[in-house]
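Single-structure report; data block below.
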Amino acid sequence: MVLPRKLPGMPGWPAALGLRLPQKFLFLLFLSGLLTLCFGALFLLPDSSRFKRLFLPRRATSSSSSSSSSSSTRDTELPRSPPAAAEPRHASPAAPRRLREKLRARNAAPAAHTAPASRPHGPDGERPAEVGTGAPRESRAPFRFDYERFRQSLRHPVRGERPDQDPDIRARKMKIKEMMKFAWDNYKQYALGKNELRPLTKNGHIGNMFGGLRGATVVDALDTLYIMELEEEFQEAKTWVEKSFDLNVNGEASLFEVNIRYIGGLLAAYYLTGEEVFKSKALELGEKLLPAFNTPTGIPRGVINLGSGMSWSWGWASAGSSILAEFGTLHLEFLHLTELSGNPVFAEKVLNIRKVLRRVEKPQGLYPNFLSPVTGNWVQHHVSIGGLGDSFYEYLIKSWLMSDKKDSEAKKMYDDALEAIEKHLVKKSAGGLTYIAEWRGGILDHKMGHLACFSGGMIALGAEHGGEEKKQHYMDLAAEITNTCHESYARSDTKLGPEAFRFDAGTEAMATRLSERYYILRPEVVESYVYMWRLTHDVKYRQWGWEVVKALEKHCRVEAGFSGIRDVYTTVPTHDNMQQSFFLAETLKYLYLLFCEDDVLSLDDWVFNTEAHPLPVNHSNFKPKASVQ
């Protein structure tokens, strides 16, 4: 660029400024930088629209202003909808887009067209309870679960009302109650606040399954203490939950274990007592589990950090897969979280799992144990009714029962699965024992785990509601499987069953490997005794249960609690120094119920989650309502 050295009537401008030739270039550089900075500031500063009007056409200015004012709400609001804060807490950008749109549409619906909140496990097609109405947030009535109406809907008192007729039966029930008190008192003395008691060393165990949560035995024991009318002990447990149960933890937790033990235990305690602390803790903990569902398919991963919300699959799970028995054992608890909160997100998460499982092809009608949370396809074809698969099938039939037999989708999935299991996995040994084998890509492994022994009770529970011919067929099958599991106890020296037993090389219903000979106070065999007793009233099931009580007293009771044993085939067993929390939640509860009248936690009113925590059936004569607290 050439600048005139001189303007008319003026001396040359460099001279006027007193600048020499080398200095004028520095001056020009400074001047150009200053102009650039000023004009850039006009257009780039945050509140520059008033200056842009000086340089831009009016239409462009209007468009820019409108765009700026609406950009902060586009992703969270629809026109005339409530503020974004009215959305459920977990309808975040990380949640699936379709769920966010569905929840926004609900919040945007006119108040006049909002239906009353309904139970998520009601009639087919019934929607989960709604979060809110179309009214402004500050004028909405908070959702409140009507506990009194719920209690009135129960057909039997929780603890029953029929008197004990047989003094011997009453004495046995009182013995089991004493065992529960002994287990609790020693836990309280030596390990209160820890997850489990180590009865030999008289201290507590924390473990790494619960992500930093404490008090697993406290939460697992709450409903058992209540049902057994151990009032003082129940109040001790409740006080610990109120004052010491901290949910602000940061550690990796099993989604499955936290759900069935903590959320299941807290929900059951609330439904039994109406104490709000149990409900609020359950809902808060439920929200902490939701990030595990943030996968391409919505199938949750098995491990979650309860502080950060990060989730991942178990390191031992094939190709980063999720486990059928883990993501398939959320349905009961999550429907009740929606029930008590009015927030549909919990129900939607588990209903989406159903959707994925309906879509994926089932080999021979069977459900393999490993599913990719990324693709929604099976990772390998290993099928088991024991570990890795067990409670998925249990929750299908119990979802139907919990819906007051209205969840026909769950019933069909259960019926189809059981038909495939009977066709491909149910076998009979040379000695006449019926068992359920495992299936590995078409090759059978003729073993049955202790965990699979729940299936006798499950099949009986489902048979009770079939046609007469089918009912008898499945009741017979349930009795045969329960008898096989009893044989695994009867053939051991301690009269307690091994972790797994086999049917090969001439061996039947016995463990053939050293790694399968232990017993860790498991409840599944006794669980089947309870269902078989209540549905048949065959006295042999009570007798078999009493044999378990005597074996526990003889081989598992130690000075400061109960311990598992390392080998059921020796009369002088070595103890494993662990009183499992599920011993109080399940084993002792089921033994107690075996000697109670049928109206104590009646099957008309309750289903048990897979940790034996009772959750109520949705009777058609009861609907919760949303009202001002």
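Quick caveat: nothing in here was measured; it's all calculated off a predicted structure. Below, all heavy atoms of this structure are taken into account, side chains as well, without hydrogens, waters or symmetry copies.
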Side chains of residues 248-255: which donor-acceptor partners sit under 3.5 Å, not counting sequence neighbours?
residue	atom	partner	partner atom	Å
N250	OD1	N305	ND2	3.3
S254	OG	F256	N	3.4
S254	OG	E257	N	3.1

Residues two or more places apart in sequence or in another chain: which of them pass ring-ring contact (aromatic ring centres under 6.0 Å, His included) with [X]?
| X | result |
| --- | --- |
| F454 | none |
| Y393 | none |
| F210 | Y262 |
| F278 | none |

Which residues satisfy the side-chain contact (heavy atoms from CB on, under 4.5 Å) test with [X], sequence neighbours excluded?
| X | value |
| --- | --- |
| S321 | A317, S318, F370, V379 |
| A282 | L266, L267, L337 |
| A612 | E586, K589, Y590 |

What class does the angle between the rings of Y271 and W606 fall in, given that below 30° is parallel, 30 to 60° is tilted and above 60° is perpendicular?
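If you compare the ring of Y271 with that of W606, the planes turn out perpendicular.
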Results of salt bridge (charged side-chain N to carboxylate O under 4.0 Å, His left out) for [X] - residues two or more places apart only:
| X | answer |
| --- | --- |
| D246 | none |
| E276 | K279 |
| D416 | K412 |

Just list the side-chain donor-acceptor pairs under 3.5 Å for residues 576-584, sequence neighbours left out, or say none.
residue	atom	partner	partner atom	Å
D576	OD1	S563	OG	3.1
D576	OD1	G564	N	3.0
D576	OD1	M578	N	3.0
N577	OD1	L200	N	2.7
N577	OD1	T201	N	3.4
N577	ND2	T201	OG1	3.1
Q579	OE1	F562	N	2.9
Q579	NE2	A183	O	3.2
S581	OG	D220	OD2	2.6
S581	OG	R261	NH1	2.8

